[in-house]
Structure formats: C-alpha cells, structure tokens
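See below for the structure under consideration.
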Amino acid sequence: MAISDDDDPSLSRTQRRLLRRIYNGRSVPIVADGRPFLTYKEASRYLQSLAPQAREAAYAQMKEQAL
C-alpha cells in the first residue's frame with residue numbers, strides 16, 4: 001500500500017486543503033522562514049520537517065501571504 005501526503009498526521013486535513021489551494025498554479029513564491037516555496041509539495045515537506053510550534057508559525061506566514 002502506498003503512503004500519500006493525506007496519510008501524514010502532522011498536517012491537518014484543513015491545512016493540506018488550504019495549502020493545495022494556495023499553491024495551485026502559483027507563479028510567485030510564498031516566503032516563510034526566509035525560504036521561498038512555489039509548490040504544495042515543497043511547502044508540505046518543509047512544514048512536516050518542523051516541530052509543531054514552528055510548523056504552526058510557518059503555516060500562518062504562508063496563509064497570511066496568500067490572502
């Protein structure tokens with residue numbers, strides 16, 4: 001059985017859905033923690049590598065820039 005991004009409990013379903021919307025067809029990167037992210041996969045991998053508090057802070061930065 002293959003493991004998908006949806007099987008990773010570190011990001012909630014709501015967070016994954018918003019990230020997919022934010023990064024869908026993006027041509028200008030979003031910067032979080034001084035790092036640019038242009039795709040959902042890049043952003044998702046980075047967020048999953050962080051500790052929970054740092055993950056929430058970086059997610060909030062991405063969300064702010066997308067609005």
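Nearest heavy-atom pair, Q48 versus R55, reported as atom, atom and distance to 0.1 Å: O-NH2, 4.0 Å. Residues M62 and I22 come closest through the heavy atom pair O-CD1, 4.2 Å. Taking both residues in full, the closest heavy atoms of A58 and A32 are given as O-CB, 4.0 Å, listed atom of the first, atom of the second, then distance. Across all their heavy atoms, I30 and Q65 have their closest contact at CG2-OE1, 3.6 Å.
Each ring pair (Phe, Tyr, Trp, His ring centres under 6.0 Å) pair with one or both residues in residues 47-67, not counting sequence neighbours, would appear here, but there are none.
Separation of atoms CZ (R16) and OH (Y40) is listed at 6.0 Å; rounding is to 0.5 Å. Note that CD of Q15 is 13.0 Å distant from CZ of R20, once rounded to the nearest 0.5 Å. For the atom pair CG of L19 and CG of N24, the computed distance is 12.0 Å after rounding to the nearest 0.5 Å.
The side chain to side chain contact (heavy atoms under 4.5 Å, CB included) test applied to E42 returns F37, L38, T39, not counting sequence neighbours. In this structure, the side chain to side chain contact (heavy atoms under 4.5 Å, CB included) partners of S49, at least two apart in sequence or on a different chain, are Y46. Remark: A54 engages L50 in a side chain to side chain contact (heavy atoms under 4.5 Å, CB included) (not counting sequence neighbours). Shown here are the side chain to side chain contact (heavy atoms under 4.5 Å, CB included) partners of R21, two or more places apart in sequence or in another chain: R17.
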